[in-house]
K.L.:
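Starting off with a structure, shown below.
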2 protein chains.
Amino acid sequence: MTYRNTKQRKDVYDVLKGLDRHLTADQVMEELKKNDRQVGLATVYRNLHHLHENNMIGKVLKDGVALYDGNPEPHDHLHCRMCGKIFDVPKILNEENIKAIEDEKGFSVEEYFTTFEGVCNDCKK
Amino acid sequence: MTYRNTKQRKDVYDVLKGLDRHLTADQVMEELKKNDRQVGLATVYRNLHHLHENNMIGKVLKDGVALYDGNPEPHDHLHCRMCGKIFDVPKILNEENIKAIEDEKGFSVEEYFTTFEGVCNDCKK
DNA sequence: CTCCTTAATGAGAACTGTTATCATTGTATC
DNA sequence: GATACAATGATAACAGTTCTCATTAAGGAG
Ligand SMILES: [Mn+2]
Ligand SMILES: [Mn+2]
Ligand SMILES: [Zn+2]
Ligand SMILES: [Zn+2]
């Protein structure tokens, strides 16, 4: 009774689900409109937040703006400075790397994110 | 003749220079006022941007807001989710890690940033 | 099925951090 | 000292996001 399944929530999730791109809230809105799903902007934000909190979608910050990710599994990102595209890459750091930091700094790592900035293959041609 | 040394630029730099904290533009403003240095907000932003472009200060994004760093050398950050503090840590990834990504994805890495989210030593007590 | 509680929605205002505008100032160069 | 134009200050504009609040509709109880 504390959580309700609304059609808006489902509609927002359906846009991202299984998608390998990374969309801004506005882009999610566009997709909804394209599919004739009427959802208010504030509701889109609320649901993106909610879905992310519940580990159903991922979230990346690119220059301070939130991009939502159909893939909720931990992974890292390449960001092309020429075309702006975001690409997924597996995490590289291993348990020992993390443990070394935790032991050395007395800091408990809950999550960590690496972003690689550079130029993608397509843009180099 | 393309670059000029103004006292405002120096004042902004003096706030950050050698500082091991990470300040928002507003906090830089506060420091300036505290030291009786009158610099307009837009000028503070312009100079932070300029100093960062010229590798004189560092810049970190925390929840989308820019934090400026007296240390311009590449290093990574721990972000405590309880107290909000930012701590410096040396980069962990090595040449091979980067090269592996470049070879595998055909992506040229110019820079990369890792942020560890968690709880710092003080906040665990 | 109907009633009821309250989570969720929609529209728009408000907010926050940052950038743009533009007339004015002052730095570097001759 | 005159000149060119980079830089400044005040403030408007902007973008992305969150808040407000009246209204709607999930979904559990009877
Ligand atoms: Mn991703
Ligand atoms: Mn730092
Ligand atoms: Zn590219
Ligand atoms: Zn802490």
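The chains referred to below are lettered A, B, ... by the order of the sequence lines, with proteins before strands, and numbering in each begins at 1.
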K.L.:
Can A:E111 and A:K91 be counted as an ion pair, charged N to O under 4.0 angstrom?
P.N.:
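Salt bridge absent between A:E111 and A:K91.
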K.L.:
Should the pair B:K10-B:D14 be classified as a salt bridge under the 4.0 Å nitrogen-to-oxygen rule?
P.N.:
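Salt bridge between B:K10 and B:D14, a charged N being under 4.0 Å from a carboxylate O: yes.
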K.L.:
Please figure out whether B:L67 or A:V44 has its closest DNA chain C nucleotide nearer the 5' end.
P.N.:
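Result of the comparison: A:V44.
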K.L.:
Please confirm whether the shortest side-chain N or O distance from B:Y45 to OP1 or OP2 of C:dT18 is below 4.0 Å.
P.N.:
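Answer is yes, contact under 4.0 Å.
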K.L.:
Send over the distance from A:D63 CG to D:dC14 P, rounded to a whole Å.
P.N.:
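Distance check: A:D63 CG to D:dC14 P gives 20 Å.
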K.L.:
Expressed as a whole number of angstroms, how long is the span from A:L41:CG to C:dC15:P?
P.N.:
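It works out to 18 Å between those atoms.
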K.L.:
Taking A:Y112 for its side chain and A:L93 for its backbone only, find out whether a donor-acceptor pair lies under 3.5 Å.
P.N.:
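Such a contact is found between A:Y112 side chain and A:L93 backbone.
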K.L.:
In whole angstrom, what separates B:H49's NE2 from C:dG17's C1'?
P.N.:
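Atom-to-atom, B:H49 to C:dG17, this comes out as 14 Å.
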K.L.:
Measure CZ/A:R4 against C1'/C:dC4 and give the value in whole Å, please.
P.N.:
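Answer to the nearest Å: 10 Å.
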K.L.:
NA contact type, B:T24, heavy-atom cut-off 4.0 Å: base, sugar-phosphate, or nothing?
P.N.:
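Result for B:T24 = nothing.
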K.L.:
Go nucleotide by nucleotide along DNA chain D from the 5' end; which of A:R46 and A:D26 gets its closest nucleotide reached first?
P.N.:
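First, find each residue's nearest nucleotide; the 5'-ward one identifies A:D26.
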K.L.:
Between D:dA26 and A:Q8, is there an OP1 or OP2 to side-chain N/O distance shorter than 4.0 Å?
P.N.:
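Answer no for this pair, as no side-chain N or O of A:Q8 is under 4.0 Å from OP1 or OP2.
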K.L.:
Could you tell me whether the phosphate oxygens of D:dA26, OP1 or OP2, come under 4.0 Å of any side-chain nitrogen or oxygen in A:T6?
P.N.:
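So the side-chain polar atoms of A:T6 never come under 4.0 Å of the phosphate oxygens OP1 or OP2 of D:dA26.
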K.L.:
For the side chain of B:Y3, starting at C-beta, report the closest nucleotide among C:dG10, D:dA7, D:dG9.
P.N.:
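For the B:Y3 side chain, the nearest candidate turns out to be D:dA7.
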K.L.:
May I have the distance from A:Q38 (atom CD) to D:dA25 (atom P), rounded to whole angstrom?
P.N.:
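Those two atoms, CD and P, are 12 Å apart.
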K.L.:
Could you tell me how far apart A:R9 (CZ) and D:dG27 (C1') are, to the nearest whole angstrom?
P.N.:
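To the nearest whole Å, that distance equals 14 Å.
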K.L.:
Reckon B:N5 has a side-chain N or O less than 4.0 Å from the OP1 or OP2 of D:dA6?
P.N.:
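Result: no.
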K.L.:
Separation of A:H52 atom NE2 from D:dT17 atom P, in whole Å?
P.N.:
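After rounding, the reported distance stands at 13 Å.
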K.L.:
Kindly determine whether B:D69 and B:H75 satisfy side chain to side chain contact (heavy atoms under 4.5 Å, CB included), including the steps that lead there.
P.N.:
CA-CA 11 Å; B:D69 192 337; B:H75 62 276; 3.0 Å; yes
K.L.:
Taking CD from A:Q27 and P from D:dT17, how many angstroms apart are they, rounded to a whole number?
P.N.:
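After rounding, the reported distance stands at 11 Å.
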K.L.:
Tell me whether B:E31 is salt-bridged to B:K34, with the criterion being a basic N under 4.0 Å from an acidic carboxylate O.
P.N.:
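A salt bridge is present here (some side-chain N lies under 4.0 Å from a carboxylate O).
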